[in-house]
Peer 1: 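Following this message is one structure expressed as structure tokens.
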2 protein chains.
Amino acid sequence: MAQSAAGNGKRIRNGGSHSGLSPVEVALVEYFVSLADLVGMPKSVGEIYGLLFSAEAPLAMDEIIARLGLSKGSASQGLRFLRDCQAVRTVYRAGDRRDFYEPELGLRNLAAGFLREKIGPRLDEGARKLARLEKIVAGETPNLRKIHGNRIDRIRTWQKTGQRIIPFALKFLKG
Amino acid sequence: MAQSAAGNGKRIRNGGSHSGLSPVEVALVEYFVSLADLVGMPKSVGEIYGLLFSAEAPLAMDEIIARLGLSKGSASQGLRFLRDCQAVRTVYRAGDRRDFYEPELGLRNLAAGFLREKIGPRLDEGARKLARLEKIVAGETPNLRKIHGNRIDRIRTWQKTGQRIIPFALKFLKG
DNA sequence: CATTTTGTTCAATATTTTTTGAACTTTGCG
DNA sequence: CGCAAAGTTCAAAAAATATTGAACAAAATG
């Protein structure tokens with residue numbers, strides 16, 4: 001059992017919620033917690049990514065649990081989500097059964113994963129709702145159809161603009 | 001009291017949650033509710049905007065309350081938020097004390113208001129957190145400083161890219 | 001200026017979302 | 001295989017968020 005934990009500097013050991021983390025780690029975790037909140041993800045996901053981001057070496061789930069003081073369940077689910085988004089990668093370590101995690105640092109990859117996992121499905125759902133809407137309007141009297149058709153065209157224009165903007169933004173992040 | 005309500009077509013009058021709305025109105029409200037959810041706003045805000053979007057004529061708050069079946073409080077707060085974002089405008093009607101509301105339909109204006117009200121403040125907060133972080137790192141030993149400085153530079157790069165992308169995206173929405 | 005209509009505020013309540021932890025599954029090892 | 005370590009799942013509890021409605025304030029009306 002030679003897992004020792006990536007030893008960076010002095011740790012704080014008070015009773016606070018981030019005991020065992022250095023001041024920089026605390027500040028980084030906080031930063032990513034507020035970022036997670038901004039994009040509508042649970043705090044625990046921000047905490048995990050923040051810890052991995054500040055760590056010198058990849059961490060295993062039990063280390064993450066110990067250092068952040070969260071439950072196995074949250075850690076497992078949070079890591080799964082981050083893996084799904086490719087915001088973290090697993091790293092294999094000889095002679096250790098555990099999976100070790102390291103963060104993806106490329107903004108483009110982070111954004112792409114997030115868009116794919118979180119935004120994409122919602123956009124698809126929106127497209128389905130719009131299709132349903134169009135069907136309802138098509139079944140109306142000519143008079144109503146004209147009025148409602150106008151508004152629906154507006155949404156369709158929005159949808160198209162949105163679809164064009166995404167690959168564009170990603171390309172922007174490339175360089 | 002000649003407010004009569006913008007009379008578009010047949011209404012459904014069942015006991016459902018959107019009684020008093022036509023099928024198209026229901027579908028549009030649903031569309032905007034899911035959009036509201038996507039961007040992290042309360043359902044009621046999506047309902048209100050959706051109703052105004054589907055309405056032929058501007059609506060007053062009491063009409064919104066009656067047709068969506070929500071409380072005065074929600075309606076008042078929701079309309080305030082939409083007004084702050086300039087997602088709705090008030091329209092004056094001679095001989096009527098109430099404010100009437102109509103929706104902003106331009107995607108660019110909608111996005112700009114949302115960014116200003118919802119995203120901007122968060123980004124500012126992020127910038128403050130980053131500054132605090134840099135101060136902490138500056139006070140560390142040279143050894144630690146080197147390690148942490150690296151990661152912080154990475155965030156700073158992200159921040160800069162993000163700042164460049166926003167006006168760019170808005171310009172994209174212009175056309 | 002008293003009254004009524006319109007709109008706001010905010011503490012209490014309801015709803016939704018997140019977290020927990022114990023039971024369960026899977027995997028590697030001798 | 002049998003055991004132990006690693007990781008997942010999900011129902012229940014906790015925390016966060018949104019909604020309600022009654023009390024309040026502002027503004028027009030007569």
Peer 1: Could you check B/S74 against B/R97 and say which one's nearest nucleotide on DNA chain C is further toward the 5' end?
Peer 2: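 Whichever sits nearer the 5' end wins; that is B/R97.
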Peer 1: Does any pair with a residue in residues 102-111 of chain A pass salt bridge (Lys or Arg N to Asp or Glu O under 4.0 Å), and if so which ones, sequence neighbours excluded?
Peer 2: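 For residues 102-111 of chain A, and leaving out neighbouring residues, the salt bridge (Lys or Arg N to Asp or Glu O under 4.0 Å) pairs sorted by first residue read A/R89-A/E102, A/R89-A/E104.
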Peer 1: OP1 or OP2 of C/dT19 versus the side-chain N and O atoms of A/S44: is any pair under 4.0 Å?
Peer 2: yes
Peer 1: B/L70 CG to D/dT20 P: how many Å, rounded?
Peer 2: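 Result: 6 Å.
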Peer 1: Could you tell me how far apart B/D62 (CG) and C/dG7 (P) are, to the nearest whole angstrom?
Peer 2: 7 Å
Peer 1: Whole angstrom is fine here: how far is it from CZ in B/R98 over to P in C/dT4?
Peer 2: 18 Å
Peer 1: Taking the side chain as every heavy atom from C-beta outward, state whether A/D99 and A/M61 have any atom pair closer than 4.5 Å.
Peer 2: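 A/D99 vs A/M61: side chains apart.
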Peer 1: For the CD1 atom of B/I166 and the CG atom of B/L115, what is their distance to the nearest 0.5 Å?
Peer 2: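 Result: 5.5 Å between the selected atoms.
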Peer 1: If you pin B/Q77 and A/A75 to their nearest nucleotides in DNA chain D, which one's is more 5'?
Peer 2: A/A75
Peer 1: If you look at every strand shown and take non-hydrogen atoms under 4.0 Å, does A/L79 touch a base, only sugar-phosphate, or nothing?
Peer 2: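 The answer is nothing, as A/L79 stays clear of every strand by at least 4.0 Å.
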Peer 1: Could you work out which one of C/dT8, D/dT19, C/dT19 sits closest to the side chain of B/S76?
Peer 2: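 For the B/S76 side chain, the nearest candidate turns out to be C/dT8.
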Peer 1: Do NZ/NE/NH1/NH2 and the carboxylate oxygens of B/E63 and B/R67 come within less than 4.0 Å?
Peer 2: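 Between B/R67 and B/E63 there is no salt bridge, as every charged N stays at least 4.0 Å from the carboxylate O atoms.
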Peer 1: In whole angstroms, how far is the P atom of C/dT19 from the NZ atom of A/K43?
Peer 2: 8 Å
Peer 1: Which of these nucleotides, D/dT19, D/dG7, C/dG7, is closest to any side-chain atom of B/S71?
Peer 2: D/dT19
Peer 1: Find which nucleotide of DNA chain D each of B/P42 and A/R80 is nearest to by heavy atoms, and output the residue with the more 5' nucleotide.
Peer 2: A/R80
Peer 1: Calculate the interatomic distance between A/E63 atom CD and D/dA6 atom P; express it in whole Å.
Peer 2: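 It is 10 Å, rounded to the nearest whole Å.
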Peer 1: Could you state the interatomic distance from CD (B/E140) to NZ (B/K146), rounded to the nearest 0.5 Å?
Peer 2: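 NZ of B/K146 is found 14.0 Å from CD of B/E140.
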Peer 1: Any side-chain N or O of B/R83 below 4.0 angstrom from OP1/OP2 of C/dT8?
Peer 2: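 For C/dT8, OP1 or OP2 has a side-chain N or O of B/R83 closer than 4.0 Å.
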Peer 1: In whole angstrom, give the distance that lies between atom CG of A/D37 and atom P of D/dA15.
Peer 2: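 From A/D37 CG to D/dA15 P: 17 Å.
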Peer 1: Starting from P on D/dT9, measure out to CE on A/M61 and report it in whole angstrom.
Peer 2: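 Whole-Å distance recorded here is 11 Å.
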Peer 1: Between C1' on D/dT20 and CG on B/L68, what's the gap in Å once rounded to a whole number?
Peer 2: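 Those two atoms, CG and C1', are 15 Å apart.
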